[in-house]
Amino acid sequence: MSQERKTLDERAQMSDLERLRHSCAHVMATAILRLWPNAQFAYGPPIETGFYYDFDLPDHRITPEDFEKIEAEMKKIAKENQKFEKVVVSREEAQALAESGRLGGLTERAGNPSQFKLDLISKIPEGEEISCYRNGDFLDLCAGPHVGYTSKCKNVKLMSVSASFYLGDETKPQLQRLYGTAFPSKEELEQHLERLEEAKKRDHRKLGRELQLFHIDEDVGQGLILWTPNGAILRQELQNFISDELRKQGYQQVFTPHIGKLGLYKTSGHFPYYKESQFGAIVENEEMARCAEAGCGCAEVMERLEAVSAKFRSEMNERTGKEVIGEDRVLPDADLLDGFLLKPMNCPHHIKIFDSQKRSYRELPVRLAEFGTVYRWEQSGELNGMTRVRGFTQDDAHLFCTEDQVADEVLGCLSLVKTVLNTLGMQDYRVRVGLRDPDSSKYTGLPEQWDKAEAACRAAAATLGVAFTEEPGEAAFYGPKIDFVVKDVIGREWQLGTVQVDYQLPVRFDLSYIGADNKAHRPVMIHRAPFGSMERFCGVLIEHFAGHFPAWLAPEQVRVLTVSEKSDEFAAEVHGALKAAGLRAGLDTVSDKIGAKIRNAQLDKIPYMLVIGEKEAAERAVAVRHSRKGNLGVQPLDNFVTELTEEVRERRL
RNA sequence: GCCGGAUUAGCUCAGUGGUAGAGCAGUUGAUUUGUAAUCAUCAGGUCGCGAGUUCGACUCUCGCAUCCGGCUCCA
C-alpha cells in the first residue's frame, strides 16, 4: 500500500464515502482515547473497504473482545453529535501542540509528546497549509476533509486488529492497526456485512475441501498443493484449453526437470541475488563430505556456494556492459562449491533449449511452452490456500524473437490472455504496465534497452484496446511487464496473467541467431503466462464460479439419479451412453428418495442432473435439472448427450 | 518473518480443574420413493505436539507446529 502523501488537491477530491470513513477513523480514535488516554496515533486513512487507524498503545493490546467496548464508545460519540471543526495553525503552533501531546489526544499529555504527529509535520512541504481537526475534545493533525458532525458516523463496525509498521516501513516501530468499516445508512452496512458472508462461502479453501479439489497436508509441507482427483480434472481441462490455444498460435511444447545447477542461476542472475525467496541449494553428498573434511563451516559453505569465479565475473560484467557482479562475490576456482537449485523460474531451462542449436532468423520467433513447476520460498505468513504457495506450476512460455518482432509477439501474448479471461467470463480486471523505478538499483541491464522494452510494452498495451495504467516500480528485475490484475468477488486483486519483455537474459546467456546479413544478432525474449500459475488461477477460479463450474470444467459433469430401483436398468444404460460420449458422469442408485439425491448433487455442484423414473425409462428420455437453472424438463436421451457434448466441446459458460 | 486470534471425530461446532458430546458425512439394515434431507443401527477421539503447575489438565502456564486475519514481501 502506498503511504505517499496525498496532495491537498487530491484530498479535496475525496468521495463522500471516503470522507465519512475518514471521520469515522477520528471518532474511533476519540473512543480509544477515552478508554486508553495514552494512545499515540499515527495515520488513519479511509480505504476501499472502510478505514483504519494505526496507533501505539504500549499498556494494552487491542483484542476482538475490546471491539464491543470501543464500538459502544463510538456510538456514544456519534450521539453526542460533536461538530468537526477545522483549525488552521502555523508550523510552530502545530509543533508546539504535538510537543505537548495535544495532537491525537483529548488533552495535553505532559511527557507524552505526539511523536508520530511531529514526524508527519516535518514531512509537510514548506508553504503548505497545516490544519487540525477538532471534534469534542479530540484534536488531530489532519488535512481533512470531514463530515459536519459525528452523528453521521453511527453506522460503523470494527472489523479486525493487526500489527502494522509506521508508514509501512519494516524498520520503523510496530503499531497496532484497528480496521473498521462505515456506511451512510444502516442498510448499506448490513449489505456489506452480508457480502462478506457470501465471500466466505465462496472461499476457495472451504470449497476446495467440500468439493475435494485439493488438499494441503502438514506432513508434506506448508504451501504445497496436493491436487486431488477432482482438482486434477479441473487443472487438466484448463491445461488442455491453453494447449489448444498455443497450438493455434504456433507454440512448441517442451519439458524440463525441476532442478538445475547453481551456475545456471548465477548466469541468469537469480542466485544468489534472490536467494531469500528460494529454497536452499542442494549440494551433493560427496561435495559436502569434501567440505566437511576441509573443516569448512556452515557460513563458509554458503560463501562458497554463492561466489563465482574470476573468469565468470569478468565475462559477465563485460557482456552486460556494467558491473553486475562485484569482487566480494569472487573466490578462487578451487574454493567454489557447486550444487543444484529447485528452479524458481523456467526461463534458464528454456533458454538452454533455444541455445541447443544454431538459430536462423528464418525460424524466429521460437515459442517454447511448458507447464513448468517452480519453487519459491514465500514467507510463512504469506501463504494462503492455493493463491499463495511455495510450489506452483506456471503455464509458462518463452518467446525468442528479433527486435522487430517484439511488438507483434507481445500483442499476440496479450490477446491470448484476453481470450483466456473472456472464455472464463472473468471480465473484472485491469491491465498494469510495470515500469522500472528510476530510483532503484535492483534492475539489471542498460537504460537504453529498458527504454526500448518499456516503449514496446506501452505500445502493445495501447493496441490491445483495454484501459491500462503505467506503474513505475512494478517491473521485473530484468525487464518491464504487462500484468492482468483480476478482481475477485471480495474485491481483492490477484495478479494472474503476465507478459514480460526481456533484453537481459539473452545478454547474460550470450544468445544469438544468424540474421539475413549472415551475422550474429541478439534475440529478445518474452516471458508470458496467461494463467500465471495453475494453483493461483484455480483458486481464483473456484471463487469466481463459487464452485459452480461450467460443464467443461466440472469434475463430474452430469449425474444420473434414479427415482426408484425399478429404473436402475435404464439409468445404467443412460450412464453408459454418457460415458461412451466421453462425458464425466456419475450414477446414484442408492435407496434415498429422489429429493435427497438431488440435494446431494446440488451440494456437490454437479452442473447437470438426470432424473430417471419409470416414465423416462418408458420413453427413453431423461428429465434434466441444472444446478443453477433448475428443472429444464424432459428430453430424449440422445438429444441430451449431443447437446451436452457440444456444450463441453465449445467450452460454453 | 512480525502482531493478534484459533486448533476437540472426515466436516461444522458444544464442552470454565474430576478420565469427552451433538449434527452432518461414514457403516449396516429396513424402506422403493418424482425435483434440496426416509427411518433405525453401529462405528468413529492420546481434545495439534512437548514440557510444567496440580491428588487430578481438553480446561491453567510456558515452548513448538499448523491454520485464520492483517503487516512486510511477491523475479
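Owing to the predicted nature of the structure, the values given are computational and were not obtained by experimental measurement. Order of the sequence lines sets the chain letters (A, B, ...), proteins ahead of strands, with each chain counted from 1.
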Residue mapping more 5' on RNA chain B - nearest nucleotide basis, A/Arg376 or A/Gly223: A/Gly223
5'-most by nearest nucleotide on RNA chain B - A/Gln495 or A/Arg625: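 Counting from the 5' end, the first nearest nucleotide belongs to A/Arg625.
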Any N/O donor-acceptor pair, A/Arg388 side-chain to B/C74 base, under 3.5 Å: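 By the distance-only test, yes, there is a pair.
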Base B/U32 paired with A/Ser591 side chain (donor-acceptor, <3.5 Å): no
Would you mind classifying the nucleic acid contact of [X] as base, sugar-phosphate or nothing, using non-hydrogen atoms under 4.0 angstrom?
{"X": "A/Glu616", "value": "base"}
{"X": "A/Gly595", "value": "sugar-phosphate"}
{"X": "A/His270", "value": "base"}
{"X": "A/Glu276", "value": "nothing"}
{"X": "A/Asn600", "value": "nothing"}

Secondary-structure string, 5' to 3', Watson-Crick or G-U under 3.5 Å, | for another-strand partners, for RNA chain B: (((((((..((((....[..)))).(.(((.......))).).....(((((..]....))))))))))))....
Using the [atom1] atom as the point on both nucleotides, what is the distance between [M] and [N], in whole Å?
{"N": "B/C60", "M": "B/G10", "atom1": "P", "result": "23 Å"}
{"N": "B/A36", "M": "B/U12", "atom1": "P", "result": "26 Å"}
{"N": "B/A40", "M": "B/U31", "atom1": "P", "result": "16 Å"}

A/Glu470 atom CD, over 12 foreign heavy atoms within 6.0 Å: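 Atom CD in A/Glu470 is packed in, count exceeds 12.
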Within 6.0 Å of CZ in A/Arg620, more than 12 heavy atoms from elsewhere: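 Incorrect, the count does not exceed 12.
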Six-ring centre of A/Trp377, A/Arg390 cation under 6.0 angstrom, axis tolerance 45°: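 Because its charged atom sits under 6.0 Å from the ring centre and within 45° of the axis, A/Arg390 does stack over A/Trp377.
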cation_pi(A/Arg21, A/Phe51) dist<6.0 Å, angle<=45: no
Phosphate OP1/OP2 of B/G70: any A/Ser160 side-chain N/O under 4.0 Å: no
Contact under 4.0 Å: A/Tyr274 side-chain N or O vs B/C74 OP1/OP2: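 No, no such contact exists.
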Out of [options], whichever nucleotide has its closest atom nearest the side chain of [X]:
{"X": "A/Ile594", "options": "B/G34, B/A36, B/G70", "value": "B/G34"}
{"X": "A/Asn384", "options": "B/U35, B/G1, B/G69", "value": "B/G69"}
{"X": "A/Arg205", "options": "B/G69, B/A36, B/C74", "value": "B/G69"}
{"X": "A/Ala596", "options": "B/U35, B/A37, B/C71", "value": "B/A37"}
{"X": "A/Gln602", "options": "B/U35, B/A36, B/G34", "value": "B/A36"}
{"X": "A/Gln379", "options": "B/U33, B/C73, B/G4", "value": "B/C73"}

Whether A/Glu454 side chain and A/Leu435 backbone form a donor-acceptor pair below 3.5 Å: no
